[in-house]
Number of protein chains: 2
Amino acid sequence: MRTREYGQFCGLARAAEILGQRWAVLILRDLLVGPRRYSDLAAGLPGIPSNVLAARLKELEQDGLVVRQARGGADRSIVYRVTDRAEELRPALDALASWGAAGMRVPREGEVVTEASLVTALRVAAAGGRPPGARRTVTCVVRAGDAVAHAIVSGTRVTAGPGEHPAPDLTISAGSGPGLRDLLAGTLGPEAAVAEGVIEVTGDRSLLADFAATFHVPYSASLTGSAA
Amino acid sequence: MRTREYGQFCGLARAAEILGQRWAVLILRDLLVGPRRYSDLAAGLPGIPSNVLAARLKELEQDGLVVRQARGGADRSIVYRVTDRAEELRPALDALASWGAAGMRVPREGEVVTEASLVTALRVAAAGGRPPGARRTVTCVVRAGDAVAHAIVSGTRVTAGPGEHPAPDLTISAGSGPGLRDLLAGTLGPEAAVAEGVIEVTGDRSLLADFAATFHVPYSASLTGSAA
DNA sequence: CGGGATCCCCCGAGATACTG
DNA sequence: CAGTATCTCGGGGGATCCCG
């Protein structure tokens with residue numbers, strides 16, 4: 001069999017043939033946040049070799065998950081965009097992200113938080129928290145490490161996006177450490193997190209408790225000390 | 001960064017570091033059906049190099065997803081078993097399997113159906129079909145290629161397991177082709193499937209329509225001809 | 001015979017440089 | 001900006017061997 005194939009007529013094997021390629025899921029994660037140029041992807045995936053990025057994009061295009069299209073107008077750059085078929089993958093990737101996050105307590109040496117990972121984390125966390133029932137729309141900006149993302153809580157809907165929001169009601173700034181992760185897990189209460197200085201809050205502080213209730217990613221119940 | 005790591009403090013990246021390893025998800029798929037010996041795994045994963053299987057099992061054990069334990073008594077062989085942490089992965093793998101199956105119409109040259117893949121397919125298909133409401137327990141044996149699996153429909157619950165069932169109410173035999181896949185997708189009706197000879201049915205034939213309604217894995221709506 | 005370990009080959013990932 | 005070209009090297013693929 002060709003080395004990336006498994007020789008089994010099995011949905012999971014077919015998925016693994018595509019997503020098991022190195023960097024493939026992270027490329028899709030980034031593109032599921034929104035269309036990106038080649039250099040945007042390279043910047044959002046620190047450490048990816050350029051030839052690997054080029055090869056993966058070509059493969060994902062052949063697999064029908066990504067399309068490349070020239071942007072019209074004066075800007076002649078090329079953007080990569082996910083297809084509907086890749087959109088169908090979002091629930092599965094979110095489930096994977098949720099599982100992985102449940103086994104993740106502390107960043108390893110040198111690990112960073114990227115913009116796309118933060119957006120994905122917020123989206124997954126919104127699915128794991130108590131459904132909001134805000135009377136008015138609340139916007140929130142979250143910073144972790146160098147990454148910035150925002151969330152918009154409107155009624156019962158939560159959307160997460162990259163970058164700043166022009167007029168956030170609440171801004172949460174966490175360092176590169178596990179502060180935000182502990183907050184989302186609920187092992188560190190909102191007040192304690194602020195008191196210990198692991199997160200910094202500006203804006204309407206009274207919204208912080210709501211935030212911690214709306215966004216939730218628990219730690220795995222079956223975690224021993226070894227599986228950091 | 002070590003070559004299997006991604007250097008990102010991100011749940012999806014952590015998951016990809018484990019599941020992106022070659023053969024890892026198929027090993028877990030097989031073990032999620034039930035405990036297996038080394039040689040059982042090797043037999044159920046045609047083409048896996050022995051060194052890779054040994055290395056993966058060691059890694060999965062270190063990652064806390066697999067435990068190896070000696071079977072007591074006269075049988076001194078070793079069985080591999082999934083941990084609770086790996087059980088938590090089941091929904092995500094099922095979502096991946098469902099997505100992969102949606103893009104899978106026809107077996108490629110030389111592709112086989114294994115027992116574990118058939119069991120997994122039935123479990124995923126049960127989640128995608130109409131919830132059953134059988135008054136009595138119905139058991140069904142399904143054969144595809146060389147693989148045999150069975151399903152037990154009891155009230156609103158469906159369980160899938162490997163191998164035969166002592167007294168099935170219904171037995172469906174499909175060849176190595178896409179016959180069973182088309183039946184599950186609904187593109188081939190039960191009567192047509194029998195009439196065209198792509199599946200063979202023994203037992204209570206009147207249960208076949210119920211089977212096709214209870215087990216369902218649709219084709220992706222966004223599929224073009226290229227993405228077989 | 002089950003459960004691996006070892007060896008060799010080679011593909012593909014990683015890193016960097018370079019070009020249309 | 002958006003990739004190719006080139007090189008090195010670790011890890012996978014395949015076969016064989018070994019040990020209890």
Undergrad: Between B/R56 and B/D30, does any NZ, NE, NH1 or NH2 come within less than 4.0 Å of an OD or OE carboxylate oxygen?
TA: no

Undergrad: Which nucleotide in the list C/dA15, D/dA2, D/dG12 gets nearest to the side chain of A/P49?
TA: C/dA15

Undergrad: Distance check: side-chain N/O of A/R22 vs OP1/OP2 of C/dG14, anything under 4.0 Å?
TA: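 Answer yes for this pair, as a side-chain N or O of A/R22 is under 4.0 Å from OP1 or OP2.
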
Undergrad: Could you give the CD1-to-C1' distance, from A/I48 to C/dG14, as a whole number of Å?
TA: 11 Å

Undergrad: What is the bend of the helix from C/dC1-D/dG20 to C/dG20-D/dC1 when you compare the axis at one end with the axis at the other, using five pairs each and rounding to 10°?
TA: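 What I find for the helix from C/dC1-D/dG20 to C/dG20-D/dC1 is an axis angle of 30°.
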
Undergrad: From CG of B/L45 over to C1' of C/dG3, roughly how many Å is that when rounded to an integer?
TA: 15 Å

Undergrad: Side-chain donor-acceptor pairs under 3.5 Å in residues 89-102 of chain A, sequence neighbours left out?
TA:
from, atom 1, to, atom 2, distance (Å)
A/R90, NE, A/E87, OE1, 3.1
A/R90, NH1, A/L32, O, 3.4
A/R90, NH2, A/L32, O, 3.2
A/R90, NH2, A/E87, OE1, 3.1
A/R90, NH2, A/E87, OE2, 3.0
A/D94, OD1, A/R123, NH2, 2.7
A/D94, OD2, A/R123, NE, 3.3
A/W99, NE1, B/R85, O, 3.1

Undergrad: Would you state whether a donor and an acceptor, one from the side chain of B/N51 and one from the base of D/dG14, lie under 3.5 Å apart?
TA: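 When only heavy-atom distances are counted, B/N51 does reach the base of D/dG14 through a donor-acceptor pair under 3.5 Å.
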
Undergrad: Hey, does the side chain of A/Y80 come within less than 4.0 Å of D/dG3's phosphate (OP1/OP2), counting only N and O?
TA: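 Checking A/Y80 against D/dG3: at least one side-chain N or O falls below 4.0 Å of OP1 or OP2.
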
Undergrad: Which nucleotide wins on minimum distance to the side chain of B/I78, given the candidates D/dG13, C/dG4, C/dG2?
TA: C/dG4

Undergrad: By side-chain hydrogen bond (donor to acceptor under 3.5 Å, both in side chains), which residues pair with A/T159, not counting sequence neighbours?
TA: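 Listed in chain order: nothing, the list is empty.
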
Undergrad: To the nearest Å, how far apart are B/E5 CD and C/dG14 C1'?
TA: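 That distance rounds to 15 Å.
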
Undergrad: Where the side chain of A/V52 is concerned, which of D/dG12, C/dG14, D/dT4 is the nearest nucleotide?
TA: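 Out of D/dG12, C/dG14, D/dT4, the nucleotide with an atom closest to A/V52's side chain is C/dG14.
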
Undergrad: Rounded to whole angstrom units, what separation is found between the CG atom of B/L53 and the P atom of C/dG2?
TA: 14 Å

Undergrad: If you look only at pairs with a residue in residues 161-170 of chain B, which of them pass as a salt bridge (Lys or Arg N to Asp or Glu O under 4.0 Å), with sequence neighbours excluded?
TA: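 Pairs touching residues 161-170 of chain B that pass the test: B/R136-B/D169, B/R143-B/E164.
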
Undergrad: Which residues pass the side-chain hydrogen bond (donor to acceptor under 3.5 Å, both in side chains) test with A/R157, sequence neighbours left out?
TA: none

Undergrad: What is the distance from OH of B/Y38 to P of D/dC19, rounded to the nearest Å?
TA: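 Distance, rounded to whole Å: 17 Å.
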
Undergrad: Below 4.0 angstrom from OP1 or OP2 of C/dA13, is there any side-chain N or O of B/R4?
TA: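 Checking B/R4 against C/dA13: no side-chain N or O falls below 4.0 Å of OP1 or OP2.
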
Undergrad: Please determine whether any donor N or O and acceptor N or O are separated by less than 3.5 Å between the side chain of A/S50 and the base of D/dT4.
TA: yes

Undergrad: Could you state the atom-to-atom distance from CG of B/L57 to P of C/dG2 in whole Å?
TA: 16 Å

Undergrad: Does C/dG3 have OP1 or OP2 sitting under 4.0 Å from an N or O in the side chain of B/S39?
TA: yes

Undergrad: Tell me: CG of B/D40 to C1' of C/dC1, nearest whole Å?
TA: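 Distance, rounded to whole Å: 13 Å.
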
Undergrad: Using whole Å, report how far CZ of B/R36 lies from C1' of C/dG3.
TA: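 So the CZ-C1' distance, B/R36 to C/dG3, works out to 17 Å.
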
Undergrad: Give a yes/no answer on whether the side chain of A/K58 brings an N or O atom under 4.0 Å of OP1 or OP2 in D/dT4.
TA: yes

Undergrad: Run the side-chain donor-acceptor check on residues 172-180 of chain A: report pairs under 3.5 Å with partners two or more places apart or on a different chain.
TA:
none

Undergrad: Only one of B/K58, B/R4, B/R14 clears salt bridge (charged side-chain N to carboxylate O under 4.0 Å, His left out) with B/D63; which?
TA: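 With B/D63 as partner, salt bridge (charged side-chain N to carboxylate O under 4.0 Å, His left out) holds for just one option, B/R4.
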
Undergrad: Examine the side chains of A/S50 and A/Y38 and answer whether a donor and an acceptor come within less than 3.5 Å of each other.
TA: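 A donor-acceptor contact under 3.5 Å links the two side chains.
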
